[in-house]
Amino acid sequence: QLKKEDGFRAISFHFDILPNSRYNYYMKTWKIVALFIGVTLAVAAVGYVYYVKFYKGQDQNALIFKTINDEVRVIVEYARTPDQWSQGLAGREKLEYRTGMLFIFPQETRLAFWMKGVKFPLDIVFINKDKRIVDLVTMQPCLVESCPTYTSRVPAQYVVEVPSGFAQRSGFGITDLVILPEGTFQ
């Protein structure tokens, strides 16, 4: 049992000195502040989980085109084997924005590509062993037996296929540096 003369006050005594309307006002304010903090923490937690699950996980497949003013990320699929090179993007209906296919070859050589079975136009980016863009061509769909080939003007070791017009819209071009994804060398 606490006594008033000991310098302690019971909580009920402390709040009893506030008028009822002022007490209600303070309680409502604290409830609103607590709700705001709770919602903010929940949104932050969901955002962090989304970042880790979707964005961070894609970094290992993110190829970066470094322009003078910017870095342009593209999430890529890999084509490492002759079967994968031959299949490429044939048979697909479309290629999503900021996605592409990275073709990895064992050494530099003049590379030739065709669009047999590809239903949409593509930009093809030829990259040398020093990770510099050495050629860039827009390829048109080909749904007939005899399709034209698109050959790099100079030797290249890597090729990236992205949606048509992406290179121009993103501002990267010949001589720009490319940072290959971590998964390229696995």
S152 side chain vs L111 backbone, donor-acceptor pair below 3.5 Å:
yes
Tell me the closest heavy-atom pair linking L122 and L89, and the distance in Å.
CD1-CD1, 3.8 Å
So disulfide bond (SG atoms under 2.5 Å apart) across residues 73-124, not counting sequence neighbours, yields none
What are the two closest non-hydrogen atoms of P106 and Q157, and how far apart are they?
O-NE2, 3.3 Å
Distance in Å, E108 CD paired with K129 NZ, rounded so as to fall on 0.5 Å steps
5.5 Å
Is any side-chain heavy atom of P163 less than 4.5 Å from a side-chain heavy atom of D123?
no
Taking everything shown except F36 itself, do over 12 heavy atoms lie less than 6.0 Å from its CZ?
no
Apart from L143 itself, its cluster of hydrophobic side chains linked below 4.5 Å comprises none
Closer than 4.0 angstrom, basic N to acidic O: yes or no for E96 and K94?
yes
Measure the spacing between CG of L180 and CG of N61 and express it to the nearest 0.5 Å.
12.0 Å
Answer whether the closest heavy-atom distance between the side chains of L63 and V178 falls below 4.5 Å.
yes
Are any non-hydrogen side-chain atoms of F172 and V125 less than 4.5 angstrom apart?
yes
All heavy atoms of P181 vs all of L102, minimum pair found to be CD-CD2, 4.0 Å
Side chains of S164 and T138: does their closest heavy-atom pair fall under 4.5 Å?
yes
Residues in side-chain hydrogen bond (donor to acceptor under 3.5 Å, both in side chains) with Q107, at least two apart?
none
Please report the closest heavy-atom contact between F126 and V137, naming both atoms and the distance.
CE1-CG2, 4.3 Å
I104, V76: one ILVMFWY side-chain cluster at the under-4.5 Å cut-off?
yes
Count I, L, V, M, F, W, Y as connected when their side-chain heavy atoms are under 4.5 Å apart, and connections chain through other members. Are F166 and I174 then in the same cluster?
yes
Using side-chain heavy atoms (C-beta onward) and a distance below 4.5 Å, is R132 in contact with L177?
yes
Over 12 non-hydrogen atoms of neighbours within 6.0 angstrom of CD in Q84:
yes
Which pairs count as salt bridge (Lys or Arg N to Asp or Glu O under 4.0 Å) when at least one residue sits in residues 154-171, sequence neighbours excluded?
none
Can you sort out the partners of K66 under salt bridge (Lys or Arg N to Asp or Glu O under 4.0 Å), two or more places apart, ordered by chain and number?
E71
Honestly curious: do L136 and V160 fall in one hydrophobic cluster under the side-chain, below-4.5 Å linking rule?
yes
Please report the closest heavy-atom contact between W114 and P148, naming both atoms and the distance.
CB-O, 3.4 Å
Between CD on residue Q87 and OG1 on residue T81, distance to nearest 0.5 Å:
10.5 Å
dist D70:CG -> D176:CG (nearest 0.5 Å) comes out at 11.0 Å
I want to check something: taking the side chain as every heavy atom from C-beta on, are S170 and T67 in contact at a cut-off of under 4.5 Å?
no
Check whether any side-chain N or O of Y150 sits under 3.5 Å from a backbone N or O of Q140 as a donor-acceptor pair, and report yes or no.
yes
In this structure, would V43 and I37 fall into the same cluster of hydrophobic residues linked by side-chain contacts under 4.5 Å?
no
Is the centre of the Y78 ring less than 6.0 Å from the centre of the F103 ring?
no
Is it true that W85 and F105 have ring centroids separated by less than 6.0 Å?
yes
Short question: side chain of N128, backbone of V134 - any donor-acceptor pair under 3.5 Å?
no
Are the side chains of M115 and C147 in contact, using a 4.5 Å heavy-atom criterion?
no
Side chains of F120 and R92, heavy atoms from C-beta outward: is any pair under 4.5 Å?
yes
Please identify each residue that fulfils side-chain hydrogen bond (donor to acceptor under 3.5 Å, both in side chains) with R153, with sequence neighbours left out.
D135
With hydrophobic residues grouped by side-chain heavy-atom distances under 4.5 Å, do M101 and M139 end up in a single group?
yes
